[in-house]
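See below for the structure under consideration.
We count ligands from 1, going down the list as the structure has it; atoms in each ligand are counted the same way. Position 1 is the first residue of the sequence, and the numbers go up from there.
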Amino acid sequence: MTKDIIILAIESSCDDTSASVIVNGVVRSNCIAGQKAHEAYGGVVPEIASRAHQLNIVPVVDLALKDAGIELKDLSAIAFTRGPGLLGSLLVGVSFAKAIALSLNIALIEVNHIQAHVLAHFIDAPKPTYPFICMTVSGGHTQILLVKDSLLMQELGTTIDDAAGEAFDKIGKILGLGYPAGPIIDRLSGEGKPVFQFSEPMVEGYNFSFSGLKTNVLRFLQKEIKTNPDFIKENLADICASVQDRIVSILLNKLKKAVFDHKISEVAIAGGVSANSGLRMALEAAGKKHGWKTYIPQFQYCTDNAAMIAMTAHFKYLEGSFCGQETVPLSRYKF
Ligand code: KG4
Ligand code: ZN
């Protein structure tokens, strides 16, 4: 009888502490503790994040094991996010995983967070077939990847300044919305129309830029407020719809270019911003128009979660790709 492959995975790269158990490639649990403390600051405060991870990690891991009906002694390996992310946050997950691996004498697997966002597509059916193009869009990253195999990905383009989620959040802050503003802008967009024209940046190849859009929105609002101090209040839904429309068109135009240039018809999106209703609709419409098969993960696997780390770790386990106790977290981690 072959032995079950049972992996406990930990994600702590930003402000969510998450743990997941995967058994023979099937996710059994995915527990997440978010951190509300950052809302008051309009962004993630690294020091607060790492301290909250320290408080959350034991209860979250306990719950993930309990939900999966698994005990520590059953584990074949323990996986963790090595990076990219906030160093203090990563350090909590990395140290915790190393300690468990050492005490149970089991294998240790390090996982790249971006690669994991892409492999979230393999948690549930329908699963993309290789090669496919995946655009990862979140608060910390925006990339277009050519995915040749589970652990073989090539970065075609990335943002040269802010990430797409960061653009949503920073523009939301200008508009006086809460943090994270992405879901709020998404909701308000449904009540408005994209009547304001914001500029599309000129960036070469498959790269993105979002900082110009933020400045464009700020200047536009400053000008309008001079003649009407209530401009934001009176036009909030239309401003949100216009911002969302522009961010979606920037993302979709680059994605289309990559898909056409590489003559690929399997197209996926991943990361927190893939929860955006405008982006989901635009991707589905482009898929219908151009004959692509499109893939969007379930909402719980779009934002940061340990199930995607567990899925990636399962692929790495099958390849015998393990790491040692000397492994350190990396705030920047290219694969
Ligand atoms: O993947 P994620 O949970 O964390 C990072 O790795 O960054 O993504 C969080 C980002 C935030 O910037 C948030 O505003 C954005 O995803 N986001 C959205 C939506 N839901 C989350 N942006 C636009 N529309 C949404 N519905
Ligand atoms: Zn992420």
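Annotation: F260, atom CZ; neighbour count of heavy atoms from other residues, nucleotides and ligands within 6.0 Å is above 12. More than 12 heavy atoms of other shown residues, nucleotides or ligands fall within 6.0 angstrom of atom NZ in K127. In R280, the CZ atom is crowded: over 12 heavy atoms of neighbouring residues, nucleotides or ligands sit closer than 6.0 Å.
N305 and Q300 share no side-chain donor-acceptor pair at under 3.5 Å.
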Residues T81, E110; criterion side-chain contact (heavy atoms from CB on, under 4.5 Å); working and verdict
CA-CA 6 Å; T81 305; E110 54 98 7; over 6 Å; no
side-chain contact (heavy atoms from CB on, under 4.5 Å) for Q244 and L188? Distances and angles first, verdict last.
CA-CA 10 Å; Q244 176 160 308; L188 290 169; over 6 Å; no
With side-chain contact (heavy atoms from CB on, under 4.5 Å) as the test, would you mind laying out the steps for Y333 and I114 before giving the verdict?
CA-CA 9 Å; Y333 184 8; I114 309 289; over 6 Å; no
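Using a 4.5 Å heavy-atom threshold, the side chains of I160 and F208 count as separate. Counting only heavy atoms from C-beta outward, the side chains of I22 and I123 never approach each other to under 4.5 Å.
Sequence neighbours left out, not one pair with a member in residues 309-325 passes side-chain hydrogen bond (donor to acceptor under 3.5 Å, both in side chains).
An N or O contact shorter than 3.5 Å links S138 to ligand 1 by distance.
The protein heavy-atom contact nearest to atom 3 (O) of ligand 1 is D304 N, 3.0 Å. Distance from atom 7 (O) of ligand 1 to its nearest protein heavy atom, with residue and atom name: G139 N, 2.8 Å. In terms of protein heavy-atom proximity, atom 17 (N) of ligand 1 is nearest to G272 O, 3.6 Å. When hydrogens are left out, the protein atom nearest atom 15 (C) of ligand 1 is V273 CG2, 3.9 Å; that is the closest non-hydrogen contact. The protein atom (non-hydrogen) at minimum distance from atom 24 (N) of ligand 1 is N276 ND2, 2.9 Å. Ranking the protein heavy atoms by distance from atom 22 (N) of ligand 1 puts G182 CA, 3.4 Å first.
The pair K288-E284 does not meet the salt-bridge criterion, since no charged nitrogen lies less than 4.0 angstrom from a carboxylate oxygen.
Distance alone, capped at 3.5 Å, places no donor-acceptor pair between the D245 side chain and the P194 backbone. A donor-acceptor pair under 3.5 Å links the side-chain atoms of R82 to the main chain of V328, judged by distance alone.
Ligand 1 lies nowhere less than 4.0 angstrom from a heavy atom belonging to R187. For the ligand labelled ligand 1, residue C14 lies outside the 4.0 Å heavy-atom shell.
Counting atoms of ligand 1 from 1 in the listed order, those under 4.0 Å from a heavy atom of A275 are 20 (N), 26 (N). Set against the non-hydrogen atoms of T303, the atoms of ligand 1 under 4.0 Å away are 1 (O), 3 (O). Every atom of ligand 1 is numbered from 1 in the order shown, and the set under 4.0 Å from a heavy atom of H113 is 6 (O). Counting the atoms of ligand 1 from 1 in the order shown, those under 4.0 Å from a heavy atom of G165 are 12 (O). Close approach of ligand 1 to H117 (heavy-atom distance below 4.0 Å) involves ligand atoms 1 (O). Every atom of ligand 1 with a heavy atom of G140 under 4.0 Å away is listed here by number and element: 7 (O). The contact set between ligand 1 and P180, taken as ligand atoms under 4.0 Å from a residue heavy atom, comprises 13 (C), 14 (O). The distance from ligand 1 to the heavy atoms of H141 drops below 4.0 Å at these ligand atoms: 6 (O).
Within the protein, the N, O or S atoms sitting under 2.8 Å from the Zn ion (ligand 2) are H113 NE2, H117 NE2, D304 OD1.
Residues passing the ring pair (Phe, Tyr, Trp, His ring centres under 6.0 Å) test with F231 are F196, F220, sequence neighbours excluded.
Distances from atom 12 (O) of ligand 1 to the heavy atoms of I185, D186, N305, D169 show the closest one on D169.
Within the 4.0 Å heavy-atom criterion, neither part of Q244 lies near ligand 1.
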Which side-chain N or O atoms in residues 130-140 pair as donor and acceptor under 3.5 Å with protein atoms at least two apart or in another chain?
unit_1 : atom_1 : unit_2 : atom_2 : d
Y130   : OH     : S150   : N      : 3.3
T136   : OG1    : Q143   : OE1    : 3.2
S138   : OG     : G140   : N      : 3.3
S138   : OG     : H141   : N      : 3.4
S138   : OG     : H141   : ND1    : 2.9
S138   : OG     : H141   : NE2    : 3.2

